[in-house]
Amino acid sequence: MKNKEKRFLFCTYTYETEAGYQYIMAEKKVLLTAINAKYIHSNLAVYSLKANAGQYEQNVEICEYTINHRKEEILSRLYEKKPEIIGFSCYLWNIEYVLDIAENLKKVLPELVIIAGGPEVSYHPEEILKKNRCLDMIMVGEGERTFYEYLDCIIGGAGRLEDIDGLVYREEGKLSRTKPRQGLDMDTLVFPYRNVSGAENRILYYESMRGCPFSCSYCLSSVEKSVRIKSFEKTQKELDFFLENRVPQVKFVDRTFNCNHEYAYRIWKYIGEQDNGVTNFHFEIGGDLLREEDFKLFRAFRPGLVQFEIGVQSTNPDTIRAIRRTMNLAVLSENIKKVRDGHNIHEHLDLIAGLPFEDFESFRNSFNDVYAMRPNQLQLGFLKVLDGSYMNEEKEHYGIVYSSQPPYEVLSTKWLSYEDILELKQIEEMVEVYYNSFQFAATMAYLQRYFESAFDMYREIGKYYKENGLFDKKHSRFNRYEILWEFALGRPGIQAEELRETLTFDLFSRDYVKNPPDFVRERTEDMKKRIRLFFDRECEKKTVIRGYDGLVTKQLYNMLYVDCFTMDMEMLIETGRVEKREPFYLIFDYRKRNPLDHSAAVVRLTKEIEGETESEKN
């Protein structure tokens, strides 16, 4: 036998035998690195890779950062760990960060093996490796088994690199690709979480299935049209971990969770039965796939136990056909109403601008259709043309022009100009500020009465921001109220006192504001006296306020805001109708909040303020 040293990718020494080169490896320090969009997010991929690394799990360390970290800071922290192998999880939102950090990391640790994985590098891995010499390997597709076999090869000395499915790698200047990795049996995967230390204020992501039965043209999940689902027993056991540890939020990443109705129903029933009073479960569902037995089940849920994200995307029939979706809009609208009427489940509906056959007017109609469904949040997104999607293949046919750099977002189409896109961006921001924040519910319901449609209302607010240079400035929450006050006062027909009342209601629904903006009418001395006398009586005998035992009037006065109103705010928010009443008082209780929108509980005082005992809750 002839001994021979050879520098080989991922291996330091080899010796030559009749069977070829065998690899002798020492213990390796392996980092799995995630750069998330926000601190609150976690990266399921790196946790799953580590958990499924078998006997090599102890070699693997997870490093999580966000795109808000300075690149230099991430670089220095990774360098200080002196890894021999590092893997990066690559997505639209972090790929530029990853490549920049990887390039500089290679300069300061030239012997470091750098591996990339994830959807942003999986569809043209050879091109990625050619353009980025700092990368040594790309793991394509589902990585748990690939990662384990790779570690078994380089650390355990088992097998050969070329026999591991799902790899594209650079060796001695040449690129090699192994066989595709087949989809994994979900029940064979090890649960990714060991403990929840440090995750108290973060979302933990979880998957119970892979693949999607639908073929939406803009989505990468449409590539695999089959669905692989964990057994109910395995999912149940894993959910117990979240429930026992009282994890605040668990977000299922399954594309259409209720594509298998029986499975979805059993999971929903289980979490309802095992509810710990804390954990919230987020599901992305097909709204038109819900059934009557689901609604019956939902009605028993604790408010805030579950929340649903539903992708509507468009209500234009031509658009729906072009993106290869199947959706019964009438059933969807009715089902969303049934869920909303329960007042215990947060609904988040999605729209996508830039889809085929959707011009500005068509998108306006789609927006108004979805807004009329009154979701808790409405996400106005923009088409992203992703490698591997059917939309990418059809981009020229639809005249889709999109950004050359991530996130590959649409710039124009046959139906939408770039100018249209820019205006929709303004509307998107106004929806985020004045609708999705939950902070302006009464005022937006009031203002909509003075516009032809909800879309036109947000469009006009966006124009006001642009004309007054407000998009280029940072705004406090109070400032947003003041801007809306100034904007609305200039609209024909709007009554200043009604507007003042809705803004005051919205402002104090969030917090007891000690120094409110100028539009808030100062309470008179007589009103303050009535409120103090009311608190005096409550201190003697609780008839309205609960949970404030042992406190004196001064404390209650500074903890619970009370003011006089004439408009039925609940009716306004629910129906958009303005109904005036004789002046009445509302008390805002900040210890009791709506779990869906975090607004304070509101109690209407009728005769209590005069010393009698009659009340009704909003």
Side-chain angles (χ1 to χ4, degrees), residues 206-209 212-214 227 229-240 242-244 246-312 325-350 369-370 372-378 570 573-575 592-599 601 617-618:
Y206 176 76
E207 62 178 348
S208 68
M209 63 182 71
C212 183
F214 304 111
V227 180
I229 304 178
K230 285 181 185 176
S231 65
F232 172 75
E233 292 72 22
K234 181 174 175 63
T235 302
Q236 173 185 313
K237 182 178 179 181
E238 294 175 347
L239 293 182
D240 286 343
F242 299 124
L243 292 165
E244 290 166 4
R246 302 173 71 82
V247 173
Q249 186 175 54
V250 178
K251 186 169 184 177
F252 279 67
V253 297
D254 309 335
R255 284 303 181 187
T256 307
F257 179 75
N258 61 332
C259 63
N260 182 308
H261 174 262
E262 180 182 359
Y263 177 78
Y265 183 86
R266 290 184 71 187
I267 296 299
W268 287 332
K269 186 173 185 292
Y270 184 75
I271 64 175
E273 293 170 345
Q274 304 300 317
D275 180 19
N276 60 13
V278 174
T279 304
N280 164 268
F281 294 92
H282 176 109
F283 300 93
E284 185 175 333
I285 67 168
D288 56 337
L289 302 179
L290 293 172
R291 303 182 184 181
E292 284 304 319
E293 63 178 330
D294 297 328
F295 302 122
K296 183 178 180 180
L297 181 67
F298 298 157
R299 282 192 285 273
F301 282 177
R302 163 181 61 86
L305 172 63
V306 303
Q307 62 188 54
F308 293 146
E309 181 175 351
I310 300 172
V312 183
R325 280 178 67 83
T326 302
M327 181 177 66
N328 188 319
L329 185 60
V331 172
L332 173 66
S333 181
E334 180 62 25
N335 286 352
I336 288 172
K337 181 179 185 302
K338 289 178 181 178
V339 174
R340 185 185 70 241
D341 287 347
H343 300 287
N344 62 341
I345 294 176
H346 173 103
E347 292 179 301
H348 175 129
L349 304 187
D350 295 330
D369 288 340
V370 174
M373 298 177 191
R374 297 179 47 233
N376 297 97
Q377 289 188 306
L378 196 169
E570 181 180 21
I573 293 171
E574 289 292 318
T575 68
K592 302 180 182 68
R593 291 184 179 270
N594 185 326
L596 302 189
D597 62 15
H598 310 294
S599 62
K617 288 187 177 181
N618 276 350

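- In this structure Phe242 satisfies the ring pair (Phe, Tyr, Trp, His ring centres under 6.0 Å) test together with Phe191, Tyr193, Tyr206, sequence neighbours excluded.
- Screening residues 295-306 for side-chain hydrogen bond (donor to acceptor under 3.5 Å, both in side chains), with sequence neighbours left out, gives Asp275-Arg302.
- Annotation: the span from Glu284 atom CD to Glu309 atom CD amounts to 5.0 Å, rounded to 0.5 Å.
- Note that CD of Gln236 and CD of Glu238 are 11.0 Å apart. Values are rounded to the nearest 0.5 Å.
- Side-chain atoms of Tyr270 and Thr235 form no donor-acceptor pair, as typed in the model, at a separation below 3.5 Å.
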- Message: salt bridge (Lys or Arg N to Asp or Glu O under 4.0 Å), that's the test. Do Lys237 and Glu233 meet it? Break it down for me.
- Response: CA-CA 6 Å; Lys237 182 178 179 181; Glu233 292 72 22; over 6 Å; no

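- No side-chain donor-acceptor contact under 3.5 Å links Asn280 and His282.
- Not one N or O on the side chain of Asn594 forms a donor-acceptor pair closer than 3.5 Å with the backbone of Ser599.
- The side chain to side chain contact (heavy atoms under 4.5 Å, CB included) search around Ala300 returns none, not counting sequence neighbours.
- At least one donor-acceptor pair closer than 3.5 Å links the side chain of Asp254 to the backbone N or O of Met209.
- Considering every non-hydrogen atom in both Ser208 and Phe257, the closest pair reads OG-CE1, 3.7 Å.
- Note: Leu596 CG to Asn376 CG = 5.5 Å, rounded to the nearest 0.5 Å.
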- Residue pair Met373, Glu347: steps toward the side chain to side chain contact (heavy atoms under 4.5 Å, CB included) verdict: CA-CA 10 Å; Met373 298 177 191; Glu347 292 179 301; over 6 Å; no

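- For the salt bridge (Lys or Arg N to Asp or Glu O under 4.0 Å) condition, the pairs that include at least one residue of residues 334-344, sequence neighbours left out, are Glu292-Lys338, Lys337-Asp341.
- Side-chain atoms of Asn276 come within 3.5 Å of backbone atoms of Leu243 as a donor-acceptor pair (strictly under, hydrogens ignored).
- Of all heavy-atom pairs spanning Val339 and Asn344, the tightest one is O-OD1, 4.5 Å.
- The heavy-atom pair separating Asn335 from Gly287 by the smallest distance is ND2-O, 2.9 Å.
- For Glu574, the side chain to side chain contact (heavy atoms under 4.5 Å, CB included) test picks out His343, Arg374, Glu570, with sequence neighbours left out.
- With contacts defined as side-chain heavy-atom distances shorter than 4.5 Å, the pair Gln249/Gln307 qualifies.
- A distance of 5.5 Å separates CG of Asn258 from CG of Leu290, quoted to the nearest 0.5 Å.
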- Task: Would you please test His261 and Leu289 for side chain to side chain contact (heavy atoms under 4.5 Å, CB included) and show each step?
- Result: CA-CA 8 Å; His261 174 262; Leu289 302 179; over 6 Å; no

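- Evaluation of the salt bridge (charged side-chain N to carboxylate O under 4.0 Å, His left out) rule for Glu262 yields no partner, not counting sequence neighbours.
- Here Trp268 and Phe252 keep their ring centres 6.0 angstrom or further from each other.
- The CD atom of Glu273 sits 8.5 Å away from atom CG of Leu297, with the distance rounded to the nearest 0.5 Å.
- Considering only heavy atoms from C-beta on, Leu239 comes within 4.5 Å of Ile267 through its side chain.
- Between Ile345 and Phe301, the shortest heavy-atom contact is CD1-CD1, 4.3 Å.
- The shortest heavy-atom contact between Val331 and Asp288 is CG1-O, 3.7 Å.
- When every heavy atom of Cys212 is checked against every heavy atom of Thr256, the shortest pair comes out as SG-OG1, 3.9 Å.
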- Message: If you apply the rule side chain to side chain contact (heavy atoms under 4.5 Å, CB included), what do you find for Val312 with Leu332, and how did you get there?
- Response: CA-CA 9 Å; Val312 183; Leu332 173 66; 3.8 Å; yes

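- Remark: aromatic rings of Phe308 and Phe298 are close, center separation under 6.0 Å.
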